[in-house]
Amino acid sequence: MSDRPIVIKNGPEIETMRAAGRVNAAVLKIVREMIRPGITTKELDEAAEDYILKKNGQPAFKNYPGPYPYPATLTISVNEELVHGIPGNRKLNEGDIVSVDCGTILDGFVADSAFSIGVGELSPDAKQLLEVTEKALYKGIEKMRPGNRVGDVSATIQEYVEGFGFHVPREYTGHGVGRAMHEGPLVPNFGISGRGIPLRPGITVAIEPMVMVGTHRTKVLEDQWTVISADRSLTAHFEHSVAVTEDEPIILTAQ
Ligand code: MG
Ligand code: MG
């Protein structure tokens, strides 16, 4: 992904991305409210696809090129699964951490966002993992301003997460988003302040802290999509698509 171009968006394009982002946010809200012990990940996926199609959007992940075309609308990743879990007949259990990632294409632009949540009651450690990962997202977004560089976003996320003894993966990163789901620049969850591409108005990126309790290493399961923590420790993932402006960053995938 590193050589993909950065595409600067104008005001109307950012408005269109915001509209796509609202649909994506509504999908995640619907899914969040469905999550309970006993529900299958496939049921969540079907509800998401139905809603996107009803809004005249298209699921951005479905058929996405990879080891084989991605087969679903959502990625749903449970516990040690960090990202790219494929929905299926798995039933969610009390105490699971479930991470749901969705992409919507509307009027030619992609919105990409994700959240993690506990199924029923979580252990205090698991709760802390979710809080830290979500807070890392907002700390990263706060750095999305002209005058800063990508490294400022990356270093902020890394330092915050590692301050709690947690880990960020090296192989999976945030990314530019626009007419394509993956554009430049890459926005790693690790980096050095003051380094990297300067941020300027019209840059739109998906910021997505992915956090693992025990290791920064990952593995891909035999389905060739699902990414897990190499030590099978718990993981969490939060994501928003965000636009840099002259002043405050705009969270495109807010409700
Ligand atoms: Mg995503
Ligand atoms: Mg993304």
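For the numbers below, each heavy atom of this structure counts, side chains included, while hydrogens, waters and symmetry mates do not. Indexing begins at 1, ligand by ligand and atom by atom, following the structure's order. Throughout, numbering of the chain's residues begins at 1 and tracks the sequence. Every value quoted in this text rests on a predicted model; they were computed, and no experiment measured them.
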Checklist entry - Where do E208 and H237 land on the side chain to side chain donor-acceptor pair (under 3.5 Å) test, with the steps shown first? => result CA-CA 7 Å; E208 48 182 318; H237 176 213; 2.8 Å; yes

Checklist entry - Which atom, among the N/O/S set of E208, is closest to the Mg ion (ligand 2)? => result OE2

Checklist entry - Can you tell me if an N/O/S atom from D112 lies under 2.8 Å from the Mg ion (ligand 1)? => result yes

Item to check | Closest E239 atom to the Mg ion (ligand 2) [N, O or S only] | outcome: OE2

Checklist entry - What class does the angle between the rings of H182 and Y64 fall in, given that below 30° is parallel, 30 to 60° is tilted and above 60° is perpendicular? => result perpendicular

Checklist entry - Should the pair F164 and F166 be assigned to parallel (<30°), tilted (30 to 60°) or perpendicular (>60°) ring geometry? => result parallel

Item to check | N/O/S from H182 sitting under 2.8 Å away from the Mg ion (ligand 2) | outcome: no

Checklist entry - Quick check: does any side chain N or O of T253 sit under 3.5 Å from a backbone N or O of S241, one acting as donor and the other as acceptor? => result yes

